[in-house]
Every structure is written in structure tokens, then in C-alpha cells.
S.K.: 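So that we are looking at the same thing, I have put the structure below in C-alpha cells.
Because the structure is predicted, anything quoted here is derived from the model rather than measured. This chain uses plain numbering: 1 for the first residue, then up along the sequence. Counting starts at 1 for both ligands and their atoms, in listed order.
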Amino acid sequence: MSAAPALPESIRVFERGWLSSNNVLLVDEARAALVDTGYATHAEQTLALVRHALGPRALDLIVNTHLHSDHCGGNARLQAQWPCATLIPAASAPIVREWDEARLSFLATGQTCERFAFTGTLAAGERLALGGFDWEVVGAPGHDPDSVMLYAAGPRLLISADALWEHGFGVIFPELEGESGFAEQHAVLEAIAKLDVRVVIPGHGKPFTNVEAALERAFSRLAWLRADPARNAKNALKVLIVFKLLEVRAMTFDALLAMLENAASLRAAAQQLGPRSAWPGLLRELAGELAKSGALVINGERFEAPAAAV
Ligand SMILES: [Zn+2]
């Protein structure tokens, strides 16, 4: 495995895993800012990481690339610690202001997020000074219609959120509900290809440099998903099941089946794959595949997260 690429001294990446997104700490004389805050159950750990890195200094600003629970779940805890400003994607502002649980993604995905407030918004084309660099806000629909990325042309850095990982990208959620997402994701990948990027800081996984190869993998994965949307639905279910197990560590088959029936995003994905009567079989099939790849452990009627997984 290659070492993580060098980043400017003003930027630190806390690589977290899959339950929590990475956190990017950018510090300059004017302010200390954190891009994305991890999952709710990791909030104390996120606070400890930031506090350790900042020493006596306060966190001044939180920036969220998008409002999935693994990217904004630490907001409330950090805001309780420091009276920091918080910027969220402009398109998400109304539903956060009202804390509209039917439209926020947390219930739909069977996840949780403590309520938080925001002080400002981010829209594509706007600029932001962070860590001594000038960043452009770049729209990144596809995985999430409201998501943004941050690009700094000076150091040639891209904070890509879940639009581009070293190996793939996040679930294309809009397609689960019959809305367009593949076309948007394609356009986002094309937009990234046009940027001059030395290092990508993804939402999950370590920062990486070989952007061309990552884009190539992402384009071919997207084409594969697009050719048969059931693949996206199946991937979504797997990702959401594994995520839930990372949070709660273990669930019974019946509890997982209930989640499939009650959480809107899972239900929409399952509906793409077959009628309700087929869902128990579908769940066993997916669990079997996940067990084979080591993403979960089947223990009788209990499904468990692997011991080492975070
Ligand atoms: Zn996401």
C-alpha cells in the first residue's frame, strides 16, 4: 500500500472509516475549520480528535459537504463545545431549518443524527478561504442532489465528499426513488476530470493522487450500475445494512427485515428488486454475499459486524 500523499501543513485529514466520514481540519490565522463531522455515535471521538489537534484554540467553523448522517453527525456535539459557525449546502437549508425528518435522509436510511443549527450556506461557484487557500464550491449531485465538493486550485486539492473515492463513489440515492442520479454523477465525474487535481481528499478512505485511474474506475462502475439499475438498488441495501451493523454491532434477521420494510430508502431499493413476499429471501441472499466478502458475520438468526470493523 502506498503512503498517503503529502498535504499542506495547514490541512489535516482524520481518516475515520465507513460509519464516520473523514474529517478535514483546515487551520490558518483567521480560523480553524472542519469539513464534515462523522457519525453521531462517534461524536465524542470526533471532538477528541479536533480538540487534540487544535490544543487551546477553538474550532471556528464547520462545513458540511452534504447532510448524510455520517458527514454531519458530529455537528451538534462540536457546536455544543464551541460556538462555531456552520455552513451547509444551500439546497438543504430549508429542511434543516425545520428539521423535516421526512425529507432529511436519516429516517429513510434507518440512521440517526442529533439536531443541529447552521449559520450560512454554500452554493456552487461560491468561494471560501480555508487553511490559507482559496476554495471553490463545486456542485456534486448524483450521490446526493444537494452535495458539494471543495476545490483549491492553488495546491490542486479536491475535497470530493462521496462523489469520488479511490475505488468508486457513494450509493446513487436518487435512483432508488426513481429520480435521476446516474446522469448527474456522470457529469460530476466529467467536471472533476476537467479540474487540475494533485490530491483528492475523499469522504471515506485515505487521500490519493492517481486521480485519472480513480476516475476511470468510477466511470466504469457508473456504466455498470446504469446498465442495470437493480445493481444500484442491491448495492444500496448492502451498504445500508453494513452501515447499520457498524452502528449497532448486531441485529436479528427480523429486526433487519423490519428496517427494510420501514426505512424509505431501503424499502425503495427492495421494491426495485422484487415483491414484498420475496424480501426475506432477498435479505438472506444479500447477507450471504456480505458474509462471504467479510462485511458481516452470520450467527444463526443474528447478523453481526466483523470484530475489527469501524
Ligand atoms: Zn453521503
S.K.: So, for Phe106 and Trp99, is the gap between ring centers shorter than 6.0 Å?
M.R.: yes
S.K.: Is a salt bridge present between Arg51 and Glu44, judged by a nitrogen-to-oxygen distance below 4.0 Å?
M.R.: no
S.K.: Run the ring-centre check on Phe208 versus Trp165 and record whether the distance is less than 6.0 Å.
M.R.: no
S.K.: Side-chain donor-acceptor pair under 3.5 Å between His204 and Asn22, yes or no?
M.R.: no
S.K.: Can you tell me if Asn232 and Glu175 form a side-chain donor-acceptor pair at under 3.5 Å?
M.R.: no
S.K.: What count do you get for protein N/O/S atoms less than 2.8 Å from the Zn ion (ligand 1)?
M.R.: 4
S.K.: Going by an N to O cut-off under 4.0 Å, is there a salt bridge joining Glu289 and Lys234?
M.R.: yes
